[in-house]
Amino acid sequence: MAWWRLLISKTPTATPPPLLPNPNPNPNPNRLQLSLLLLQTSPFSTSFLITKTPKKFKKKRKKDASPRTKLVQTQPNLIPHFEHIVERDAHFRFLTKSRDFLSKQPHRVLRLDDAGKLHRELGFPRGRKIARSLQRHPLLFQTYRHVDNKMWIGFTEFMEDLLEQERVIVDSMELDRVNKVRKLLMMSVNKRIPLSKIYHCRSLFGIPEDFRDRVSKYPNYFRTVVEEGGKRMLELVNWDPLLAVSALEREFMVDEEKVKRAFRFPVKHGKDLGLEKEDERKLNLLNSLPLVSPYSDGSRLDLWTLEAEKYRVGVLHEFLSLTLEKRASIHHVVEFKEEFSLTKHTYQMLFKQPRTFYLAGTEMNWVVFLKDAYDQNGVLIEKDPQVVFNEKLHKYAEMKEMEQGSVDQWK
């Protein structure tokens with residue numbers, strides 16, 4: 001057995017690993033330090049331990065409110081029927097823009113391949129197929145294959161009949177539209193407005209597509225002037241004092257108290273006066289009255305005076321009263337900023353007059369309404385024939401097939 005003893009004596013003995021020095025000389029380490037020490041000396045893996053909070057347990061960070069999506073009004077000031085009108089316009093955006101665009105095309109038709117590239121002109125979402133939008137209005141739009149073996153889109157025969165009826169309405173309301181344009185020119189600074197601006201906002205006032213050709217029929221009212229840069233301007237020829245009466249002034253003769261409550265221009269005073277509501281109202285009337293006519297020359301007023309603000313409020317009130325539905329979007333208001341001496345603070349100015357104006361939509365794309373022009377259910381009190389036609393058209397746009405008696409009822 002000597003060989004066995006020799007083998008044992010030559011086998012190296014296993015020596016224990018040297019102890020790591022204590023990183024903390026404190027004889028009473030805290031719990032965190034003990035945990036770190038165990039992790040350093042533990043022979044086991046700790047890769048299975050969850051060291052980060054799982055994504056599903058993290059609190060979702062709320063996105064900052066964007067003017068594109070943030071509503072102008074909040075509870076309890078929000079009026080649902082005005083907001084619904086704005087949503088309705090967005091719903092019928094494709095119908096409105098496509099009807100206008102196709103009406104200007106030769107033979108009122110457009111090749112389908114070309115239409116798919118015109119999402120802005122036709123009002124359908126970018127990246128979507130136009131066929132989906134066309135299928136929403138089968139009574140008004142149709143697709144067909146032409147002899148060139150290409151697909152084309154156009155109006156149905158029923159839609160063509162409706163457009164002919166609309167043309168009759170436009171012709172019958174021509175004198176009314178002429179007076180609207182005359183009043184717009186009388187409110188403008190230099191009694192002239194670019195033709196392009198009137199054309200851009202023509203649907204707002206019910207002005208026909210070919211109004212630029214119809215202007216020549218009224219040489220006693222209008223004339224076309226070409227400026228140095230080539231811009232064509234529509235200029236007022238004769239001032240009519242009978243037209244230079246605003247809707248507020250006419251209403252003042254009927255209901256004086258209602259007009260007094262229309263706007264509020266508070267008088268600054270100390271709290272020490274302790275005024276009651278009725279006394280404060282009478283004090284504010286010192287600023288509210290007299291009204292400043294929108295047909296006066298507002299460009300001569302100092303920009304930030306009370307008179308200038310009363311003038312701008314009156315101009316926008318008269319501007320809205322001339323529209324078909326007594327409302328306008330930010331794009332329509334900004335279009336006439338220079339002509340009506342408006343400022344970049346128009347939004348804030350309108351927001352301070354909630355008795356008369358209501359701002360709907362979002363902070364970036366708002367729409368201003370004349371509240372008194374609508375009843376409690378959000379229905380226009382006085383409807384222009386063009387408005388009645390548009391409501392009927394929207395009704396047919398929602399139908400998938402013609403209901404029995406609908407055509408007879410329309411006629």
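Owing to the predicted nature of the structure, the values given are computational and were not obtained by experimental measurement.
- You'll find the side chain of L393 reaches within 4.5 Å of the side chain of L140, heavy atoms only.
- Around NZ of K400, the count of heavy atoms belonging to other residues, nucleotides or ligands within 6.0 Å exceeds 12.
- The two residues L184 and F340 make their nearest non-hydrogen contact at O-CE2, 3.9 Å.
- Here F211 and F205 keep their ring centres 6.0 angstrom or further from each other.
- Smallest separation of non-hydrogen atoms from W239 and A244: CZ2-CB, 3.6 Å.
- A side-chain N or O of E398 and one of H91 form a donor-acceptor pair less than 3.5 Å apart.
- Contact check for R99 versus L163: side-chain heavy atoms found under the 4.5 Å cut-off.
- Few gaps surround CD on Q348; more than 12 heavy atoms of other groups in view lie less than 6.0 Å from it.
- Around the CG atom of D302, the shell of radius 6.0 Å holds no more than 12 heavy atoms that belong to other residues, nucleotides or ligands.
- Between the K383 side chain and the L380 main chain, no donor and acceptor come within less than 3.5 Å of each other.
- The main-chain N or O of L139 is found under 3.5 Å from a side-chain atom of T156 such that the two form a donor-acceptor pair.
- At least one side-chain heavy atom of Y144 sits under 4.5 Å from a side-chain heavy atom of V109.
- Between R214 and D171, at least one side-chain nitrogen of the basic residue sits less than 4.0 Å from a carboxylate oxygen of the acidic one, meeting the salt-bridge criterion.
- When the shell of 6.0 Å around NZ of K217 is examined, it contains more than 12 heavy atoms from other residues, nucleotides or ligands.
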R312 and L303: side chain to side chain contact (heavy atoms under 4.5 Å, CB included), yes or no, with the steps?
CA-CA 10 Å; R312 290 191 291 268; L303 192 59; 3.8 Å; yes
Salt bridge (Lys or Arg N to Asp or Glu O under 4.0 Å) between R300 and E307: does it pass, once the steps are laid out?
CA-CA 11 Å; R300 296 182 179 181; E307 295 297 311; over 6 Å; no
Start with the C-alpha gap between L248 and E318, add the side-chain angles, then the distance that decides, and say whether side chain to side chain contact (heavy atoms under 4.5 Å, CB included) holds.
CA-CA 8 Å; L248 273 179; E318 184 70 2; over 6 Å; no
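- The backbone N or O of Y199 sits less than 3.5 Å from a side-chain atom of R202, completing a donor-acceptor pair.
- Shown here for I153 and A115, the closest heavy-atom pair between the two residues is CD1-CB, 3.9 Å.
- Listed here is the closest heavy atom pair of A308 and L301: CA-CD1, 3.8 Å.
- Side-chain atoms of T96 do not come within 3.5 Å of backbone N or O of R93 as any donor-acceptor pair.
- With contacts defined as side-chain heavy-atom distances shorter than 4.5 Å, the pair L110/L118 qualifies.
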Trace of the ring pair (Phe, Tyr, Trp, His ring centres under 6.0 Å) decision for H331 with W366:
CA-CA 9 Å; H331 310 289; W366 48 264; 8.9 Å; no
Show, in sequence, the C-alpha distance, side-chain angles and deciding distance for W152 and T143, and conclude whether the side chain to side chain contact (heavy atoms under 4.5 Å, CB included) test is met.
CA-CA 6 Å; W152 292 69; T143 58; over 6 Å; no
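- Counting heavy-atom neighbours within 6.0 Å of H345 NE2, excluding the residue itself, gives a total above 12.
- Taking every heavy atom of both residues into account, A328 and V333 meet most closely at CB-CG2, 4.4 Å.
- The distance from atom CG of N179 to atom CG of L322, rounded to the nearest 0.5 Å, is 10.0 Å.
- More than 12 non-hydrogen atoms from other residues, nucleotides or ligands lie less than 6.0 angstrom from NE2 of H81.
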Please report, to 0.1 Å, the donor-acceptor pairs under 3.5 Å made by any side chain of residues 219-234, with sequence neighbours excluded.
| from | atom 1 | to | atom 2 | distance (Å) |
| --- | --- | --- | --- | --- |
| R223 | NE | E235 | OE1 | 2.7 |
| R223 | NH2 | E235 | OE1 | 3.3 |
| E227 | OE2 | R192 | NH1 | 3.4 |

Show every donor-acceptor pair shorter than 3.5 Å between a side-chain atom in residues 119-134 and any protein atom, with sequence neighbours excluded, or say none if there are none.
none

Ring pair (Phe, Tyr, Trp, His ring centres under 6.0 Å) between F357 and F369, worked out:
CA-CA 6 Å; F357 304 117; F369 290 81; over 10 Å; no
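- Contacts of R88 classified as salt bridge (charged side-chain N to carboxylate O under 4.0 Å, His left out), with partners at least two apart in sequence or in another chain: E325.
- L359 places a side-chain heavy atom less than 4.5 Å from the side chain of Q73.
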Test E166 against K392 for salt bridge (Lys or Arg N to Asp or Glu O under 4.0 Å), laying out the working first.
CA-CA 11 Å; E166 184 183 26; K392 294 289 186 179; over 6 Å; no
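- Counting only distance, with no hydrogens or angles, the side chain of S296 and the backbone of S293 share a donor-acceptor pair below 3.5 Å.
- Pairs engaging residues 245-255 under the salt bridge (Lys or Arg N to Asp or Glu O under 4.0 Å) rule: E251-K258 [sequence neighbours left out].
- For S216 (side chain) and D213 (main-chain N/O), a donor-acceptor pair under 3.5 Å exists by modelled atom type.
- Around atom CD of E174, more than 12 heavy atoms belonging to other residues, nucleotides or ligands sit under 6.0 Å away.
- More than 12 heavy atoms of other shown residues, nucleotides or ligands fall within 6.0 angstrom of atom CZ in R145.
- Between M173 and Q386 there is no side-chain heavy-atom pair separated by less than 4.5 Å.
- Between the side chain of Y358 and the main chain of I79, a donor-acceptor pair closer than 3.5 Å is present.
- Within the structure, salt bridge (Lys or Arg N to Asp or Glu O under 4.0 Å) contacts touching residues 358-376 (residues at least two apart or in different chains) are K70-E363.
- A donor-acceptor contact shorter than 3.5 Å links the side chain of K197 to the backbone of E335.
- Below 30°, between 30° and 60°, or above 60°: for F155 and F141 the angle between ring planes is between 30° and 60°, a tilted geometry.
- No side-chain donor-acceptor contact under 3.5 Å links K337 to the backbone of L342.
- Listed for the S188 side chain is no donor-acceptor partner under 3.5 Å among the backbone atoms of I193.
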Starting from the C-alpha separation in whole Å, work towards a yes-or-no answer on side chain to side chain contact (heavy atoms under 4.5 Å, CB included) for Q353 and H317.
CA-CA 11 Å; Q353 305 293 343; H317 186 282; over 6 Å; no
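- Between S341 and V189 there is a side-chain heavy-atom pair separated by less than 4.5 Å.
- Among all heavy-atom pairs drawn from E339 and P194, the shortest one is OE2-CD, 3.3 Å.
- A cation-pi arrangement is absent between R355 and F263 under the rule of less than 6.0 angstrom and at most 45 degrees off the ring axis.
- Using a cutoff of 4.0 Å between basic side-chain nitrogens and carboxylate oxygens, E309 and K352 are scored as salt-bridged.
- Of the inter-residue distances, the one linking R136 atom CZ with F92 atom CZ reads 8.0 Å to the nearest 0.5 angstrom.
- Residues passing the salt bridge (charged side-chain N to carboxylate O under 4.0 Å, His left out) test with R177 are D384, sequence neighbours excluded.
- No side-chain heavy atom of F336 sits less than 4.5 Å from a side-chain heavy atom of V315.
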